[in-house]
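Here the structure is a predicted model, which is why all the values come from computation and not from measurement. Below, chains carry the letters A, B, ... as their sequence lines are ordered, and counting in each starts from 1.
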Amino acid sequence: MSHLAEVYAKDLGVRIGEPVFKPHFFPILESDYITIHTDNKVSSKEYDYWEEVILIVKKSCPKIKFIQIGSGKEPIIKNADRFAKTNSIKQSAYIIKNGIMHVGTDSLPVHIASSFKKKIVSIYSHTHSTTCNPIWGNAEDSIIIESHRDGKKPSFSLKENPKTINLINPEQIADAILKNLNETSSGRETLFIGNKYKNKITHVIPDKKYDCVDKNIIIRLDLLHNEDNISHLFSQNKVSIVTKKILSEETISYKNIQVINYFSDSFNEDFVNLVKQKGISLNLFCTKKKNLSGQRFKFFDHKIFLFSKRDKIKKSRKLVDLKNKDFKIKSYGLYYKNGMAHSSLYQANEGKNINDIFLDLEHLMIYTDGNE
Amino acid sequence: MSHSKIKVLVQSNYCRMVTGFGKNMKNILLALHQDPEIEVVEAANGVPSGRDIGTPWESYGTYPSDPRILGAIEKDPTKKRAAQYGFYNIDKIVEEVKPDVFLGIEDVWAFREYEKKEWWNKTKKIIWTTLDSLPILDQALQMEPKCDQMLVWASFAEKAMKDLGHKTVETVHGAVDYSHFKPLENRDELRNLHGLDNTFVIGFVFKNQLRKSVPNLLEGFKKFKEGNPEVSTKLLLHTDWGEKQMGWDIPRYLKEKGLDNGEVLATYVCHKCDDYFVQPYSGEDKDCSSCGGQKSVKTKNSSKGVGEKELNEIYNLMDVYCHPFTSGGQELPIQEAKAAGLITLVTDYSCGTDSAYEHQGGLPLAWNEYREPSTQFIKATTCPDSIHERLKQVYTMDEESKSRLIKTGEQYVKEKFSVQSTVEKLKSFIKTVELKKQAKEEVTKKEVKKFDIEELLKEVPLKDRIGVILPRSAGDVLIANSLMENLQELYPDKKIFFSTNTEFFDLINDNPFVYKVIPYSESFENLYLLEGQNNHEGLFDIAFLPHCMTQKTYSYTHNGKDKNQFKLQ
């Protein structure tokens, strides 16, 4: 294997030994805790679903504690019991040394845990895990999880879009932690996680007047064109509008409109010009492929994108198979409809049309829960 | 798509860029797209690859999106420039598009080493380039035989190339869609609106670059004002005033010339509602009085200018157009100004010879020759006295002569610079080009800086020093920490100096086998500096740079499959 330690050892002409590294005391009251660490210095290493991992582990082992370690600059891992922000890596090392296991992305704390012979679950993607995995301690104590990267080789890039580390399902990590704790696996199966799953977006389908304050909201006039129920939303929110029809001059005169996404097979020139005059950003989506070139020619100074609902559903269906599955949905988004807030378009429409899932797929996490 | 169509891949500035090449690209592509015999595809320089750039025709961005390539070019200006010209992505685009004809429209150096590309000899290619100075650039002379047709934007370049034996070079002027540019009937009303009634307005529309002779114009304007105190006059500079790095710091020059800020006007455009304003320059990022946009009002720049309707209005605010410059490829604003009904005053060097004379609707500005220090090309410095004289000539010109000169200019632009005439010429070249052949490469060097660390090392004789250089990162330093005991055992008589960035000192300084941890310096990347060369004794008896394989060349991964015949742990 071409591990970093071996490369350095060969260059210096010596064997690999043990590092000499002394931790500094840091007050910790908990016992039986797992240290967890995420690294946002290298974006392609940053895993987005740690909170889900913790949730799955805690379902089987509710008493186990997760202590996040770091300098405080790292993103907070929701569901961790606390974030022990330390002033030095030596203090973090003290917390690692006194824990029962370390979990995290490929980073210094994994190597420190390895030098203290701790149990480890570590994840890799943008590089081969064999080149940088934990090298000290018992091999059987370290569970190394490498993303399948859709069958591709590592990118070796500091930034990836989308991030291949996120192809590791949360239950893979959770089950590895449970294994290290001598517990049975969770039985959970993640079917799909959208690239925009963590985006917090509030959609308002204006069948009623909804009270939303200080939010980024999207008014979905494309789903129900009712301009009477939206006027109150503009004063205290940042608003985006999705529409298939032109809007009244009164509506587009409201402040705080960030963008209008206008879907049509033939755009209304007066409306397009009016929106521009008001200084509002406008995205044009042509819904008929054969009209695209003509519309782009006619509105040359605007960028026009092609949008086909049918193609989007078809494409999404290829990404996840939901047939005969008792699936569950999670999302960071909210849909206001029928006087309530729902976590997906599918739920807002009372689960009547499965295509709503495919239209909304990039914002959803879909999974089955084997233990229920 | 019919197979009888000629597929033309056109590479130039993205057609929505507000640059001379960008505007030309837009006009050419809009016209070629409507031609039933041609299928046009755009390779847009300055736009990242992999995006739908929303053109009516098939289009590709040529700037790399791959983070590895971006990382590699970021620190190397030569590579970055090549990337901006599409060097790294054009092969992929050609492979995908499979054009019948490649039409490259850029400065000639943009096509450096294109002749080495695999597709070059298999594709018909036309290079349509701007050559703006004498003597003609060597790259142009070398490129001409390697393409099927070389076209130049200015007739002075055609003449110079032909004089040097390159007989097939032809002039095709950049396309000006003059349909937007015309004298407006409500011109007086417009001038009133902007507070310019009863004012003799001298205008200059330009990208703020050092080759535009702004100080000369300011001096000429000052002389005109001083020589004609009875004339109420203003100078309108439609340019990117905020560009002070690559262009002129205009406010500074106004101060230097003793010109009142109110006498020189700027045009501002709102990035939200596109409305424009004419007023003395007062900085960038102003609030818009029209749409209420905050900090949305700026002077124009290469990514955002006014629309063509509005630009025509700006020309119509002027009484005369003055374009002094050191050299240029075509200078589209000169033709736009003529079409908008203005007499143009132009330096009669370089492409200026295509628009400076009376039969072209212009008046020439006299200039003196100087040599550009870096390139030794002949450049023009326009005489402020000549600017003064020509301004006075226009100001005092009788209406009949003025009208005749303006009409001549309008007609000249229609005949010589229109999109239609340019596209017709281009099409005839596209249809007649034939294949030719040729092939080359270059490497860039890195400089190594010297660094003095004698102070840190002096307590140990050089013969006893071992240096381990590992600038980053934390995990690597901890791994290297585990090697120090064995290294000391191997060299028991030597002292180990470990060099890393200070933020990693904590990861190594507990190790008793390291004599001293010292700060890393980039100069340590040079092994000759570390171990000595010729009269330089070096800093260490033995120095190791273990990160060279893992961080500099990344040559160790081997898909994680390589083996060792010996045990390292």
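- Not less than 6.0 angstrom separates the ring centroid of B:Tyr276 from the ring centroid of B:Tyr268.
- Top candidate by heavy-atom pairs under 4.5 Å with chain B, chosen from A:Leu306, A:Leu4, A:Leu292, A:Val7, is A:Leu4.
- Side-chain atoms of B:Asn481 come within 3.5 Å of backbone atoms of A:Val20 as a donor-acceptor pair (strictly under, hydrogens ignored).
- Using a 4.0 Å cut-off between charged nitrogen and carboxylate oxygen, A:Asp141 and A:Lys118 do not count as a salt-bridge pair.
- Looking at B:Leu30, the atoms closer than 4.5 Å to chain A (heavy atoms on both sides) sit in the backbone and in the side chain alike.
- In this structure B:Asp66 satisfies the side-chain contact (heavy atoms from CB on, under 4.5 Å) test together with B:Arg68, B:Ile69, sequence neighbours excluded.
- Aromatic pair A:Trp136/A:Phe21: centroids not less than 6.0 angstrom apart.
- Looking at A:Ser129, neither its backbone nor its side chain comes within 4.5 Å of chain B, counting heavy atoms on both sides.
- For a residue to count as touching a neighbouring chain, one of its non-hydrogen atoms must lie under 4.5 Å from one of that chain's; by this rule B:Thr55 touches chain A with the backbone only.
- Under the 6.0 Å cut-off for aromatic ring centres, A:Tyr94 and A:Phe25 qualify, their centroids lying closer than that.
- Proximity to chain B (any heavy atom under 4.5 Å) is restricted, for A:Lys153, to the side chain, taken from C-beta onward.
- B:Phe544 and A:Tyr8 have their aromatic ring centers separated by at least 6.0 angstrom.
- The greatest number of non-hydrogen atom pairs below 4.5 Å with chain B, out of A:Asn161, A:Leu158, A:Thr131, A:Ile89, is found for A:Thr131.
- Residue contact with chain A, scored on non-hydrogen atoms closer than 4.5 Å, involves the backbone and the side chain of B:Asn559 alike.
- Using a 4.5 Å cut-off between heavy atoms, A:Ser281 makes no contact with chain B at all.
- Between B:His33 and A:Phe297, the distance from one ring center to the other falls under 6.0 angstrom.
- Neither the backbone nor the side chain of B:Glu503 comes within contact range of chain A, judged by heavy atoms closer than 4.5 Å.
- Ion pairing between A:Lys117 and A:Glu18 holds under the 4.0 Å rule for side-chain N and carboxylate O.
- For a residue to count as touching a neighbouring chain, one of its non-hydrogen atoms must lie under 4.5 Å from one of that chain's; by this rule B:Leu568 touches chain A with backbone and side chain alike.
- Residue contact with chain A, scored on non-hydrogen atoms closer than 4.5 Å, involves the backbone and the side chain of B:Leu507 alike.
- Contact of A:Leu12 with chain B is made through backbone and side chain together, with heavy-atom distances under 4.5 Å.
- If you measure heavy-atom distances from A:Leu284 to chain B, you find no contacts under 4.5 Å at all.
- Taking the six-membered ring for Trp and thresholds of 30 and 60 degrees, A:Phe285 and A:Phe263 have nearly parallel ring planes, at less than 30 degrees apart.
- Residue B:Lys567 touches chain A through its backbone alone, counting heavy-atom pairs closer than 4.5 Å.
- Contacts of A:Lys278 with chain B are made by backbone atoms alone, with heavy-atom separations under 4.5 Å and no side-chain atom involved.
- Contacts with chain A were tallied for B:Ile466, B:Ile542, B:Leu487; B:Leu487 has the most, counting heavy-atom pairs under 4.5 Å.
- None of B:Phe497, B:Tyr491, B:Phe498 except one satisfies the ring pair (Phe, Tyr, Trp, His ring centres under 6.0 Å) rule with B:Tyr515; the exception is B:Phe497.
- Of the listed residues A:Glu160, A:Lys90, A:His111, A:Lys303, the one with more heavy-atom pairs under 4.5 angstrom with chain B than any other is A:Lys90.
- By number of non-hydrogen pairs under 4.5 angstrom with chain A, the leading residue of B:Asp506, B:Leu545, B:Asp274, B:Leu490 is B:Asp506.
- When heavy atoms are compared at a cutoff of 4.5 Å, B:Asp476 approaches chain A by way of both its backbone and its side chain.
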